[in-house]
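These numbers come from a predicted model, not from an experiment. Numbered from 1 within each chain, the chains take letters A, B, ... in sequence-line order.
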Amino acid sequence: MLIFEHARPGRRNYSQSPAAATKTDGIPQSLLRKVPLLLPEVSEMDAVRHYTRLSQKNFSIDTQFYPLGSCTMKYNPRACNSLAMLPQFLARHPRAPESTGQGFLACMYELQEILKDVTGMAGVSLTPMAGAQGELIGIAMIRAYHESRGDTARNEIIVPDAAHGTNPATAVMCGYKVVEIATDKEGDVDMDALKAAVGPQTAGLMLTNPSTLGVFEKNVAEMSRIVHQAGGLLYYDGANLNAILGKVKPGDMGFDVIHINLHKTFSTPHGGGGPGSAPVGVAERLLPFMPVPVVASESGIYRWLTEKDIPQSIGRLSAHMGNAGVLLRAYVYVRLLGAEGMHRVADFAALNANYLMAELGKAGFEIAYPTRRASHEFIVTLKELKEKTGVTAMNVAKRLLDKGYHAPTTYFPLLVPECLLIEPAETESKETLDAFVVSMKEILEEAHTQPDMVKGAPYSTPVRKLDDVKAARELDLAWKQPEEPV
Amino acid sequence: MLIFEHARPGRRNYSQSPAAATKTDGIPQSLLRKVPLLLPEVSEMDAVRHYTRLSQKNFSIDTQFYPLGSCTMKYNPRACNSLAMLPQFLARHPRAPESTGQGFLACMYELQEILKDVTGMAGVSLTPMAGAQGELIGIAMIRAYHESRGDTARNEIIVPDAAHGTNPATAVMCGYKVVEIATDKEGDVDMDALKAAVGPQTAGLMLTNPSTLGVFEKNVAEMSRIVHQAGGLLYYDGANLNAILGKVKPGDMGFDVIHINLHKTFSTPHGGGGPGSAPVGVAERLLPFMPVPVVASESGIYRWLTEKDIPQSIGRLSAHMGNAGVLLRAYVYVRLLGAEGMHRVADFAALNANYLMAELGKAGFEIAYPTRRASHEFIVTLKELKEKTGVTAMNVAKRLLDKGYHAPTTYFPLLVPECLLIEPAETESKETLDAFVVSMKEILEEAHTQPDMVKGAPYSTPVRKLDDVKAARELDLAWKQPEEPV
Amino acid sequence: MPFIPHTEEDIQAMLASIGAKTIDDLFDEIPPALKGGSLKQVPPALSEMEISRLMLERAETDGRYLNFIGAGAYEHHIPAAVWQITTRGEFYSSYTPYQAEASQGTLQLLYEYQTMMASLTGMDVSNASMYDGASALAEAALMAVRSHKSSRRILMPATVHPIYRSVVRAIVKNQGIDVVEIPYCRESGQTLPESLDAFDKEEFAALVIPQPNFFGVLEQVDALTDWAHHKNALAIGVVNPMALALLNPPGEWGAKGADVAVGEGQPLGIPLSSGGPYFGFMACKQALVRQMPGRIIGRTTDQDGKPGFVLTLQAREQHIRRSKATSNICTNQGLMVTAATIYMALTGPEGLRRIASQSHANTLTLLEKLEGLKGVKRIFNGSVFHEMVISLPGPAGDILRTLKSQQILGGLNLEDYYPELGSAILVCATETKTPADLENYVGYLGQAITA
Amino acid sequence: MPFIPHTEEDIQAMLASIGAKTIDDLFDEIPPALKGGSLKQVPPALSEMEISRLMLERAETDGRYLNFIGAGAYEHHIPAAVWQITTRGEFYSSYTPYQAEASQGTLQLLYEYQTMMASLTGMDVSNASMYDGASALAEAALMAVRSHKSSRRILMPATVHPIYRSVVRAIVKNQGIDVVEIPYCRESGQTLPESLDAFDKEEFAALVIPQPNFFGVLEQVDALTDWAHHKNALAIGVVNPMALALLNPPGEWGAKGADVAVGEGQPLGIPLSSGGPYFGFMACKQALVRQMPGRIIGRTTDQDGKPGFVLTLQAREQHIRRSKATSNICTNQGLMVTAATIYMALTGPEGLRRIASQSHANTLTLLEKLEGLKGVKRIFNGSVFHEMVISLPGPAGDILRTLKSQQILGGLNLEDYYPELGSAILVCATETKTPADLENYVGYLGQAITA
């Protein structure tokens, strides 16, 4: 039932409604609203009950194992939430003077410094509000850099075929042509393809490392050399930073710019699809182009750097300074981890991924890159299973929901057929992984003995398999009041 | 799975663990713990996940209609929770000086004044921590009153047979004999029985009005006259105060002492079985015996009254001043209601109860007192249904769980066979009541057509019908570590 | 090892299964030369107790002020239920609802949100949110260019929030899109329809129309919308959603209604929180739905015919369409939209109307009182919603600092954005301000300007 | 009409179904003379926004202090997860789990709680909680009298919390039960086993044994327990549960172990909150389980053989047994126990041990520093856990007031409770105190005593 279906005309929630205003004559009649406002008329209790019950229809980290490759679904510490929501932090207006936000700005400044250290970069700006916006900003800086040197013929960005869709989409948004290069059998970028692709037209290369295939690009130093030699810059997509946190710094690999998905590596909540946050880090030569604002510390006083301080800045990308509350959560998280804890993130993310890969291999699943170490994630391909039984990766994913697990990422990266991209994250225990393997084995068995049952999954979720095609064909994007009142 | 079964030896939650102490030599060896401490060794995420999932196995007001007679399960406004949990309120030590608690004490003082007004009493003490403790304190004051007058022969408390079990149990705890009197066919106390029971041995009468039969004792004024004439005092059990809030004041009915269940009438949360809170109100003559502390206001400064101020006080009943945080929640609630809102509580509690009684009557259910108005609750008796189909009140209650409703109170009061005591509370909407009637009708139909199915209910809850007898015979009250580690 | 559940025994058993000796072996494909993660700027771990104390102290350093700043972020009361429900683990810690059957909570809520926003803006459809108001406006500009085909120019009034204008420029410039500014009227503070005559010869993909505008002033939206349509440009409304409880929504502007409505969703239950996370909203006419970026939820049925909700029109999105996507956007601001949806359900239409009209009334009351102060003047004569520009008889910066010492944030100093206005501040009084608050403000301002 | 969902239409339809004209008609059985509910002391309704502002201002009035008071309520860090989960609607707004199938969340949690408390106290079984520590002690006394049959006397050391002693007296006196006090040793602050010789001729139902006692001092629990058993009395331990992470639990005291353990559960994750709600705990030997008041949860199976949990041994309780019940208790402190259970799961055995030992270490460190101040002395030489009595060289009340002006609550003034100790205060330093906090305390105290 929709919230609108709980509503009745004239029902009101009095506690949330101020007294009627006496002065309403300030707005010309012609500008006043005449059409009805379709918000639900419900009591406070009915709203609370409705949304509490809705919440229970979600899978989440707080209730299920969520081995969703490329998304880094790790535990979101509850302290990060409550400390970012201290009343004074919540009440602070974004345009309040800096002198009224020294506590907040201290956290932001320290977070910048920590992220610089972790990534090996010379500067960090916290403003990007999501990974894709971090990419946009990063590529815009690359463009600004080339333009500042009068190097305006560079109009191509190179992207491996295993990359996230955001990479090519971002390059286009920055006015670039996309050159896609292939992956070799081992899961690395095809070096010959890279060499063939670079040239005076190359503005840069966007790379995710470890890649979305779950392996570390062994030739990254060589790639850096090739691209830099051609005059291009290297962009590091931080989606998989969790795999190498405290092990390898992107700056040391030769990258010029990076975005860091705080909602992955730094455990800020995914929130059912956001808010994210993706600070960008830059090497020395890109410092003049950083987006504003950036926090500076001057004799113990914190202040925002603006266009006045960074005149070549690519500008502002959000109305204020990005997702401040998310940044506070990340700050609390890094302080809880500390240096030692940060080293261990990658250790145990890798241990969990390699263990789960080994165990699933032993259980009879085909590993896409069996000769490679898993990074923090790895790929299982069900090509053969599908050929033998008709059961697809999607069927297995849905059947996992019945077993109480969120599904792994399916059909990404696109180049591995019938793939499941599995990322357990470091916060899961061995028992959880073992229980997951048991369920995966059961499904494998079911696929062979009762394939139709598996294809019909899920059975235990609030709804069964939903009709996507109907959704797209018969668009129903907003509820309409029935002609007869309910 | 129990939290202990998620545990592994050596697992730790580092963020919740201070550094090891360097000074531990202050405790003699002989007094140190030698036996192991069986707390679960789990990660923070596993604890969060375990208890979040456990919570989802509960019915609650925030998720279900809860027509539980005599419990007044109304909406618990979320603001009451968050405002009682403001950091300064939470951090305040109970023995901190009064000067550091003037904000808190202002709320307590105003709550006292409001409760005096609502009950028509001369004084209120906020200390009792639950209804049964309120009763204990009330009867102790009656006893102290008689004793202060040298009237020590009074050794009986009269209690109607429809009363809550706490009433007779309390009287005994205060050293009284209990005299139970009968109920007449209309659901009122049998006046002849009362007359026969009173005498020089009568210390007092405990009365719930409206009674647990869901009707208003019409003869309450006469009862008051009879008991007072015999030298006894009148105790008002506030369990059903919600039915008359703002309509009739217990003081005006002649009661000398009253307890008020804040967790019912004033909407503080039931919390899965507590904390409750039950301030006591007293008439003039019992003022000298009030439990301490009580809040006083002296030229705008608030302070606690102690034994020094009330030397004949029956004393202290809690280590500090009762359930302060619950009292804060009640204070916020009364301010949100205001005087007008408080009048309306009884109006709509009565409207919902009488409507539901009428509709269930029309649907074919037998109403226990069909000639009477319902107070805020009423009784359905399934005696005939049981005779015809074998389906009991308990079966119907369990079947309601399958329909998504909490069950009404069953088998209470004891004098009505196969009874369901139904209290919808004022915060439920007509649609919810209508949907409940539909489900009740379905169950009635099912009882006639598929009685065994109804007897097997519930089917959709996390567990099916539980074996109470086994639980009591083969007592298993604490988990034991298996010999072999799990 | 905070948040790592592994016991020593677990580690050994796992390594044995993998066939590795140490955890370091798992990183043996990384060239040794690259390794070396020593972290000098990262302090040692704090316990939760320690970081809690630190954050509490920092929050207390920042204090609490009586706030009269608006300028795109507005202080409204947020019902306690909103965030108590929003931060439930099932909303807070869930991912994007790609697995629809395991995400019906989020999906249904987003469908309800889309319904509410479509009604609030008077549009046919809404997406499931954008990053913030400024970036939503930039995406609307890109959308207009995509759908227009022949023009890559956007007309932008100078009454649009100055930072929104910067953000639009930063986002669209690399695609060769021009943003052309329209000057405002110094008397009314509006974008006069007459001022558009200057642009009558050129082609534009869209005209942006703020309502209320950055000065708090109400624009002549009907005439502006009709002009855009007459020019075959899209009309993009950039609106305060709270104001729409009182104001004619973009879908009703002019003869045909605006084509796209965007704005900052923060007033709908999102705390000020130093500027974020907030959420942008975007709604449009049905005809444009396939050009709309961001996630969109559709209602459909499951295989038993039961209604359910899914992400739909994903073919527009980057994870399917890659370099041909409508936008690179992936994340939205789901959790913020969760809060906003609950906020709108808790206030309902009448509650929202009253919050808006009390904000309006407070601002008018404050204005009256301020005009009683010597040297304080309202700068523009256009009608306002809940914000206004006033000129001060002394340096705005100094006066605001004096107010701050009384725990009052008196407004936004406009000197950086509109130096031509002299010593001017933008002041907002929402429903949160009591009569005593307004008196305090006026009293202390009176002292500050004579000091 | 806050929290009333009825529309005018609903009201009319409902009255029509009932056959009543007005809502007032529904009250027609109430004698008119009794009616008249005008409420003069109840102010008009506030909106949530208004009450929020009021409460925020009152909370700020009360401020925040650096607190060194213990005396039965102890400041410990509470992990954020504890109350975020505890206040989830499903725990917060559910009733007593009488309908077991619809309450497995609460029931399983309580079973886990019973397991934890039984282990912490070294007892066989625990109930599901009592109101608070003081009333739990009173109930233990009643339980002892019930099981003893021939004596109605309880031996109570003067080292037991003075208010606990008052509460016990208030609760048991009407049942003709005597509470007999044992004096304490002025040197050690303990209840000396020798002092019991004076009572060797009399019969007692129970001896109460505090650990640590009100002075923070550790008692000679083994000897005291053995004396009680030698006298055929029950040994009732009244203990701080946090201390039990380090200390030998009551179940291990003496040759046979104490019979009942009670105490205040507040240190386990419950905020100080001006004194409540807290929760009392009670655990006992198996043989006494049927004498134990309060709710008890048992594990059983459902009709499919699946494990599940129910309220058990209800035949002891008032709603079944009425005047013959073991107690009149009905409500427990379920929500507080929810928090405590989550707290213990989050800290685990090692975390709890460290919190206890850091509290102990901080108190010892503070003591050392205090003894460096002229005129400040430790009064008792018995070992302490995390609290101690010190004597001051001037009036305690004045000195504490001076400290308060520095935002420090320096301890509890003992003059009302133990006037024989002179100017003495009870001071506690838990794990929440940093070295700097301890320095501040000592520094300001030094100034206060020389002022």
Side-chain angles (χ1 to χ4, degrees), chain A residues 3 5-21 40-58 60-63 75-91 267 269 328-329 332-333 335-336 427 429 485-486, chain D residues 1-14 43-64 76-94 102 104-105 269 271 338-339 342-343 345-348 351 432:
Chain A
I3 187 75
E5 294 165 331
H6 289 287
R8 286 299 174 272
R11 186 165 291 161
R12 264 178 67 202
N13 181 359
Y14 290 82
S15 290
Q16 305 302 348
S17 184
E41 298 177 75
V42 296
S43 70
E44 179 161 326
M45 181 179 72
D46 281 337
V48 165
R49 196 177 278 172
H50 177 76
Y51 291 107
T52 301
R53 295 188 68 156
L54 266 194
S55 77
Q56 293 182 337
K57 294 185 178 180
N58 271 1
S60 68
I61 277 291
D62 278 9
T63 48
Y75 173 58
N76 305 141
R78 285 268 143 199
C80 301
N81 184 42
S82 55
L83 297 176
M85 294 188 81
L86 287 171
Q88 295 93 337
F89 288 143
L90 291 187
S267 200
L328 279 175
R329 284 171 174 80
V332 173
Y333 180 71
R335 296 302 305 270
L336 284 167
T427 53
S429 69
V486 184
Chain D
M1 296 189 285
F3 312 121
I4 307 283
H6 301 69
T7 67
E8 196 45 51
E9 206 176 304
D10 290 337
I11 296 169
Q12 294 315 322
M14 293 168 84
L46 298 180
S47 68
E48 187 185 304
M49 177 180 81
E50 292 164 325
I51 184 72
S52 299
R53 175 89 177 256
L54 177 69
M55 295 301 278
L56 214 60
E57 284 169 2
R58 287 192 173 166
E60 281 171 2
T61 301
D62 289 356
R64 285 178 68 93
H76 292 289
H77 171 67
I78 303 175
V82 171
W83 285 92
Q84 289 187 39
I85 298 176
T86 299
T87 55
R88 283 171 59 85
E90 300 95 319
F91 283 135
Y92 187 78
S93 76
S94 63
Q104 287 295 298
T338 305
I342 298 171
Y343 176 84
L346 284 170
T347 53
T432 58

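- Across all their heavy atoms, D:Ser47 and A:Ser17 have their closest contact at CB-O, 4.4 Å.
- Residue contact with chain A, scored on non-hydrogen atoms closer than 4.5 Å, involves the side chain of D:Gln84 exclusively.
- Residue A:Gln56 touches chain D through its side chain alone, counting heavy-atom pairs closer than 4.5 Å.
- Distance check: A:Asp62 CG to D:Arg88 CZ gives 8.0 Å after rounding to the nearest 0.5 Å.
- Here A:Ser15 is the residue among A:Ser15, A:Pro87, A:Ser43 with the most heavy-atom pairs under 4.5 Å with chain D.
- Listed in order of number, the residues of residues 3-10 of chain D that approach chain A to under 4.5 Å between heavy atoms are D:Phe3, D:Ile4, D:Pro5, D:Thr7, D:Asp10.
- Between chain D and the options A:Gly10, A:Ser82, A:Ala19, A:Pro18, heavy-atom pairs under 4.5 Å are most frequent for A:Ser82.
- Per-residue heavy-atom pair counts under 4.5 Å with chain D were compared for A:Thr52, A:Asp46, A:Asn81, A:Asn13, and the maximum is reached by A:Asn81.
- Contacts between A:Arg49 and chain D at a heavy-atom distance below 4.5 Å are absent for every atom of the residue.
- For A:Tyr14, there are no ring pair (Phe, Tyr, Trp, His ring centres under 6.0 Å) partners at least two apart in sequence or on another chain.
- Heavy-atom distances place the side chain of D:Glu90, and not its backbone, under 4.5 Å from chain A.
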